[in-house]
Amino acid sequence: MEVVFVPPAGAEVAPAATVRTGPNGEAAVRYTLSTAAGEQLIEARAAAIVPTTSSRATFKAIAQPGAAEELVTAGGDGQSGPVSAALAESLAVRAVDHFGNGVAGVEVTWQAGGGGSVRPASVTTGADGRAATQLTLADRPGAYRPAARVEGLQGSPLSFTVTAVGPQLSLVTPPSAMGAAGIPLERQPELQLQDPLGAPLHRADVNVTVQIAGSDGSLGGRTTATSDANGLVRFSDLALRGPVGTRTLIFAADGFTSVTSSPITVTAGPPAAGGSTAVVPNGVAGATTTIEIHVADQFGNPVAGAAAGISVSVGGVNPTPALPVTEVGGGAYSTSYVPIHSGNDQIAILVAGGTPPGSPFSSTVSPGPADPTTTTAIVPGSTRVFEIGRIDVVSRDAQGNQLNQGGAAVTITFVQGSNRIPLPPESIVDNADGTYTGLYSRVGIGAFSVEITLNGGAIQGSPYSTFISLF
């Protein structure tokens with residue numbers, strides 16, 4: 001007869017689940033317990049011999065847990081509760097064997113973890129491997145890390161995270177979402193003291209301080225305010241200082257849970273002369289001189305839209321009462337003028353009524369390029385044939401400013417009828433100060449026209465007239 005052995009899940013029978021009975025009517029198998037501790041039932045099934053004969057038999061086995069190997073959490077983690085009060089749920093752990101079966105008789109030591117107390121401090125695991133304790137929180141709000149410890153077990157010490165909730169600060173009026181650097185916020189923050197359950201706490205004389213989260217910038221105004229009899233805290237003149245960007249404010253009081261504001265966008269403050277700069281180049285007569293101005297607030301943040309608050313005027317050899325200012329972008333502005341006279345100009349710049357560092361500014365105006373139409377010469381009316389005559393040429397730019405350097409090409413030609421007598425180049429001296437000297441003798445006798453060119457163009461007054469006599 002065939003007998004079928006049916007083990008519980010996870011258990012095994014050998015050599016096979018179906019076994020035939022022997023000569024004595026017996027059928028047997030070897031049974032390996034499953035990994036789950038506790039009572040296990042094995043059923044043997046066979047075809048009924050007669051209708052009244054049972055076709056099933058049940059065997060019972062007890063699987064005991066192995067040695068404790070690991071400590072695992074069994075409840076109570078992540079709780080929060082009022083300060084100085086016991087948590088609603090106990091902290092619990094289980095000592096388990098290799099297969100996760102609870103192991104009884106393991107002593108667990110509890111530690112409060114930075115504040116409060118545990119009771120009991122030592123617990124022996126029960127039949128299910130579980131040990132629990134009650135944690136009473138300390139009198140200060142914050143996070144605590146109580147722990148369970150069993151020497152030699154994996155996972156020990158096993159920490160929990162719990163939070164003590166004390167009186168708290170509530171931001172009933174948040175600060176403005178945007179503010180200019182250095183200027184008090186348009187909407188100043190107001191806070192309410194609350195008990196651990198969130199109800200208003202009527203307590204006077206609690207000092208609340210505010211600071212910036214992070215290292216950028218600083219706070220201006222009074223950074224400490226005191227609660228009134230209703231527990232209301234009002235700030236009146238807080239201002240964000242430093243570079244543009246976003247800031248978050250943290251409000252804190254001793255014994256209270258702090259509160260954080262939403263991000264506040266800090267924009268540039270008003271223009272400040274002391275934070276602004278200007279670049280004034282030297283000029284050239286007849287050419288545009290461009291003046292650059294960079295406007296910033298007191299913290300160095302570029303300021304846009306400040307053209308109306310900038311004034312620029314020119315004194316000196318090219319006086320100009322007021323120059324129009326154009327915004328370039330990024331806090332940069334420009335203005336320009338065209339100097340006519342060479343020499344020194346004084347540039348007066350005001351930003352928001354003050355002068356930037358480096359004021360007053362000066363610009364040295366150099367003559368422009370040599371221009372033959374304004375260049376002049378001194379030609380003697382008469383000389384004697386054996387005397388050394390002298391012609392002086394004074395080079396000027398298009399505005400009539402005398403040049404202060406040489407380098408121009410000057411030619412001098414005596415003309416009498418069809419006879420043209422140019423002075424050799426070595427007879428014309430470049431004095432390197434904008435003047436040129438032409439020396440001549442024995443050119444001829446009689447009346448001559450003197451043609452003078454500078455850089456290929458006839459100078460002003462050319463041709464000149466001169467007479468060379470014998471005696």
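Keep in mind that the numbers below use all heavy atoms, side chains included, and drop hydrogens, waters and symmetry copies.
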J.: Using only atom types and a distance under 3.5 Å, with no angle test, would you say the side chain of Asn401 pairs donor to acceptor with the backbone of Ala285?
T.: no

J.: Could you report the tightest heavy-atom contact between Ala370 and Asn455, atom names first, then the distance?
T.: CB-ND2, 4.3 Å

J.: Which pair of heavy atoms, one from Pro141 and one from Val83, lies closest together, and at what distance?
T.: N-CG1, 3.6 Å

J.: Taking C-beta and beyond as the side chain, do Leu153 and Glu70 meet within less than 4.5 Å on heavy atoms?
T.: no

J.: Of all heavy-atom pairs between Leu201 and Asp195, which one has the smallest distance, and what is that distance?
T.: CB-N, 3.9 Å

J.: Measure the CD1-CD1 distance between Ile310 and Ile349 for me, rounded to the nearest 0.5 Å.
T.: 9.0 Å

J.: Determine, step by step, whether Val162 and Leu137 satisfy the side chain to side chain contact (heavy atoms under 4.5 Å, CB included) criterion, reporting the C-alpha distance in whole Å, the side-chain angles of both residues, the deciding distance to 0.1 Å, and the verdict.
T.: CA-CA 9 Å; Val162 297; Leu137 297 167; 4.1 Å; yes

J.: Check the pair Thr124 / Val106 against side chain to side chain contact (heavy atoms under 4.5 Å, CB included), numbers first and verdict last.
T.: CA-CA 5 Å; Thr124 301; Val106 177; 6.0 Å; no

J.: If you measure from CD on Gln192 to CZ on Arg234, what distance do you get to the nearest 0.5 Å?
T.: 9.5 Å

J.: Using the rule given for side chain to side chain contact (heavy atoms under 4.5 Å, CB included), can you reason through Leu219 versus Ile212, listing the C-alpha separation, both sets of side-chain angles and the distance that settles it, and then say yes or no?
T.: CA-CA 7 Å; Leu219 278 174; Ile212 294 176; 3.7 Å; yes

J.: Please determine if Asp228 and Arg203 form a salt bridge, counting it only when a charged side-chain N lies under 4.0 Å from a carboxylate O.
T.: no

J.: Please round to the nearest 0.5 Å and tell me the distance separating atom OG1 of Thr248 and atom CD of Gln211.
T.: 12.0 Å

J.: Under 3.5 Å, is there a donor-acceptor pair between the side chain of Tyr144 and the main chain of Gly116?
T.: no

J.: May I ask you to check whether Ser84 and Asp139 show a side-chain donor-acceptor distance below 3.5 Å?
T.: no

J.: How many angstroms lie between CD in Gln111 and CG in Leu135, if you round to the nearest 0.5 Å?
T.: 12.0 Å

J.: Side chain of Ser359, backbone of Thr355: donor and acceptor closer than 3.5 Å?
T.: no

J.: Any chance you could measure Asp77, atom CG, to Phe160, atom CZ, to the nearest 0.5 Å?
T.: 6.0 Å

J.: Would you say Glu186 has more than 12 foreign heavy atoms packed within less than 6.0 Å of its CD?
T.: no

J.: Are any side-chain N or O atoms of Thr125 and backbone N or O atoms of Val103, one a donor and one an acceptor, separated by less than 3.5 Å?
T.: yes

J.: Between Gln134 (side chain only) and Leu87 (backbone N and O only), is there a donor and an acceptor less than 3.5 Å apart?
T.: yes

J.: Is there a side-chain contact between Asp433 and Gln405 in this structure, where contact means two heavy atoms from C-beta onward sitting under 4.5 Å apart?
T.: no

J.: Side-chain donor-acceptor pair under 3.5 Å between Asn207 and Thr226, yes or no?
T.: yes

J.: Verify side chain to side chain donor-acceptor pair (under 3.5 Å) between Ser122 and Glu107, making sure each step is shown before the conclusion.
T.: CA-CA 7 Å; Ser122 179; Glu107 185 177 2; 2.7 Å; yes

J.: On a heavy-atom basis, which atom in Ala148 and which in Ser156 lie closest, and how many Å separate them?
T.: O-OG, 4.2 Å

J.: Just wondering, do Thr257 and Pro167 contact through their side chains at under 4.5 Å, heavy atoms?
T.: no

J.: Salt bridge or not between Asp216 and Arg247? Use side-chain N to carboxylate O under 4.0 Å.
T.: no

J.: In terms of side-chain heavy atoms, does Arg222 have a donor or acceptor partner in Ser236 at a distance below 3.5 Å?
T.: yes

J.: Has the side chain of Ser90 got a donor or acceptor atom that lies under 3.5 Å from a matching backbone atom of Ala132?
T.: no

J.: If we count only N and O atoms by modelled type, under 3.5 Å, do the side chains of Asn431 and Thr435 hold a donor and an acceptor together?
T.: yes

J.: Among Thr320, Asp345, Asn318, exactly one meets side-chain hydrogen bond (donor to acceptor under 3.5 Å, both in side chains) together with Tyr337. Which residue is that?
T.: Asp345

J.: When rounded to the nearest 0.5 angstrom, what is the spacing between CD1 in Ile347 and CG in Leu323?
T.: 7.5 Å

J.: With a 4.5 Å limit on heavy-atom distance, are the side chains of Ile291 and Ser334 in contact?
T.: no

J.: Heavy-atom distance under 4.5 Å between the side chains of Leu232 and Val172, does that happen here?
T.: yes

J.: For Arg187 and Pro175, indicate whether the former's side chain and the latter's backbone hold a donor-acceptor pair under 3.5 Å.
T.: yes

J.: On a heavy-atom basis, which atom in Thr335 and which in Pro324 lie closest, and how many Å separate them?
T.: OG1-O, 2.6 Å

J.: Around Arg119, counting heavy atoms of other residues, nucleotides and ligands shown, do more than 12 lie under 6.0 Å from its CZ?
T.: no

J.: Is there a donor-acceptor contact under 3.5 Å from the side chain of Gln79 to the main chain of Glu89?
T.: yes

J.: Check step by step if side chain to side chain contact (heavy atoms under 4.5 Å, CB included) holds for Leu403 and Asp397.
T.: CA-CA 7 Å; Leu403 270 64; Asp397 63 13; 4.0 Å; yes

J.: Could you tell me whether the side chains of Arg145 and Thr161 share a donor-acceptor contact shorter than 3.5 Å?
T.: yes

J.: For the side chain of Thr289 and the backbone of Val338, is there at least one donor-acceptor N/O pair under 3.5 Å apart?
T.: no

J.: Below 4.5 Å, heavy atoms only, C-beta onward: do Leu169 and Val208 meet side chain to side chain?
T.: yes

J.: Kindly indicate whether the side chain of Asn301, heavy atoms from C-beta on, has any atom under 4.5 Å from the side chain of Pro243.
T.: yes

J.: Between Val295 and Pro271, what is the shortest heavy-atom contact and its length?
T.: CG1-CB, 3.6 Å

J.: What residues form a ring pair (Phe, Tyr, Trp, His ring centres under 6.0 Å) with Phe235, not counting sequence neighbours?
T.: Phe251

J.: Counting C-beta onward and ignoring hydrogens, is there a side-chain heavy-atom pair between Ser362 and Val280 closer than 4.5 Å?
T.: no

J.: Side chains of Gln402 and Ser395: donor-acceptor distance under 3.5 Å anywhere?
T.: no

J.: Is there a donor-acceptor contact under 3.5 Å from the side chain of Asp297 to the main chain of Ala268?
T.: no

